[in-house]
Structure formats: structure tokens, C-alpha cells
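Take a look at the structure set out below.
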Amino acid sequence: MSDTTLQHLPNVQPIDATVRDRVGSTYSKRLREAGRLPAVIYGRDGDCISIHMDENEAMKHLNRGFRVFRLSFENGEPQDVKVQEFQFGHMGDNLLHIDFVRVDLNEKVNREVPVRVVGHIPGAKTVDQPMACIEIAASLGVMPQSLEVRGDSAVDGIILASSVSLPDGVDLVTDGTAVVAQNSEHAG
Amino acid sequence: MPRMPKRLKFRKQMRGVMRGNATRGNYVAFGEFGLQSLDTHWVSARQIESARIACQHFLKRQGQIFIRIFPDKPISKKPLETRMGKGKAETDFWAARVLPGTILFELKGVEESLAKQAMARMAAKMPVRCRFVGRRLEP
């Protein structure tokens, strides 16, 4: 478990969870009828724990796009987890079960995120974007879903990967001299 | 042209029994919106083709349609006024087996309101009750 506070981790949402003392399809069904959502936590050399949580609260966060959570228990340390898998009913609209995998929010992970050019590159009629995604390293708690780069940050009609403004705690892994977007007349 | 398999191992099949719900092909996999079956039924190749034409005429070449079911089951039928016996009849039409939850069609590249209207036209050609669905949550 990381000791970072959630104020600096915009991607992490807190959820109250309870450890399941009885597991199996019958007990899971009873939990669902009582408005609870069964789940399991595994990974990172920890034990596999069966839990349940409030379905409405979980769905509220999931529908808003959150996939990293800090699960707090009545008696026990909170655990940082991310969603590994969802299990749905046959009609696909009822969430039956969630698999969570433990994560360390202090550890940086590499991920490719899409880059969008905002505005116009000065002097360019059309813009060529050879690199749609750039690789960054960040904690899952601050990992951005996408990045933006201003068109007027171009030098000689070329926007380099180093010109992309990154949030705090995010490092660029892609070569900084790689061309993200350029005036089409420079292309080829 | 209604769809049918290119090659066959056996020309005729037993009718079979359809029980339960769809456990495969029950989520929107390729497009952004889907038409989901709520009933169990055979859907004939002509019905699938009819729905495709209805959708394409409505969308006027916008977006992309994905047909998620394939009529791979030969359904045989004896001609009218024929005495019983003399063996199993020839294939009359081809059908896809559809269970509750099966995604029949998917659409991509169109707005939701337009997709809903197109799906309503497709649903009208289907022998099953259908509903409009979107992509489900992804990890």
C-alpha cells in the first residue's frame, strides 16, 4: 500500500469494501440481491481476498471512467488496486463481479497515450501527425488519458515530442526529438 | 444476395434445440452501438439481408455495419402437397441461431441518434424482440 494522499492522485477514488467471509455462487447471488457487488483482489505477492462493496458507489465511479481505487476496510490497511477484469451477465448490462489487481501508486509504469494537436501550426495549411501516441512514464494515480500540444509551440513548422506539456509526475519516455506533428509541406 | 456457407460437410442437419442464453457474441465488439436479441429464434438469411438493406438505405453510405450472425444452419422443408416419407427434404433456407443476448448487428461511425433510428429499422426486420445497446465497460 502506498502512503500517498489521494488529493494528489486525481485518478484514484476511495471505496469502502468488506471482506467476504463466505464465497461461492449462492452467497454472491445473495450479495447482489442486497445491492452489493462481489469482487476479488489479487496480485503483488499478496493473498487473494474476496470482498464486496456497494454496487451504486462502484458503478458511479466506473461509469465516470475511474479504474484505480483505494479500497478501505473496517479493520485492515487500505489497498490500492486497479480493475483487471469485469464479469457481466449474459445481457451485458449487469455487472456481476470485478477482478482487482494490487498496484503500487509510487511505482511509475510506461504507457502510450494519444496526443492531440490543439490550434494551428503557424504558416501551415494542413498538418501531418506522424505520431498519434507518445510513451510516458507515470504513476497510475496521475496517468493522463490523453495529452494535448499547442500548435503554436511549433518551431519551423515542427512539433517535437519534447514540446508536449506533461503534468507533474509524468516523464517522457519517447525520444524528445521525435516529430509529433508538422506542417505537411515538411513531410516526406 | 442472402448469405450462406461456401462449402458444406453435410447437406442437411437435424433441427436441434435452443436453450439458455448467449454466452458468446453477446457484447459489442467491433462497432460503437449494437442491436441485441431478447428472444430465442432462427433468423433466416433473407431476414438478415433485408435488415442490412434497410439500414444501408437509411444511412446512405454513412458509417459501417457489422453483421454478427451468420446463417450456417440449413433448414429443410417438404414441398406442399407431398406425401410424408421418402426421406428428408431438400434445404429450404439458411438460418442463424439466435439466443437472448446475441448481438445481431453493430454500427460504427454514426451518431447515436442516427444509429438508434437505423437499428429500429433493422429490428423491424427481425423475428425477435431487440434492443439498442452500446459498448460495455472496459477495464
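Residue numbers begin at 1 in each chain, while the letters A, B, ... track the order of the sequences.
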Donor-acceptor contact present, side-chain [X] to main-chain [Y], <3.5 Å:
X: A:Gln129; Y: A:Met131; result: yes
X: B:Asp39; Y: B:Arg129; result: yes
X: A:Gln182; Y: A:Asp128; result: no
X: B:Lys88; Y: B:Gln13; result: yes

Can you tell me how far the CZ atom of B:Arg131 sits from the CG atom of B:Leu35, to the nearest 0.5 Å? 10.5 Å

Name, in order of residue number, those residues of residues 38-59 of chain A that have a heavy atom at a distance of less than 4.5 Å from a heavy atom in chain B; otherwise write 'none'. A:Met59

Among the options B:Leu99, B:Leu38, B:Leu137, pick out the one with the most heavy-atom pairs lying under 4.5 Å from chain A. B:Leu137

Tell me whether A:Arg111 at atom CZ has more than 12 heavy atoms from other residues, nucleotides or ligands lying less than 6.0 Å away. no

Select one option (side chain, backbone, both, neither) describing which atoms of B:Ser37 are under 4.5 Å from chain A's heavy atoms. backbone

Thinking salt bridges, do B:Lys12 and B:Glu90 make one under a 4.0 Å N-O criterion? yes

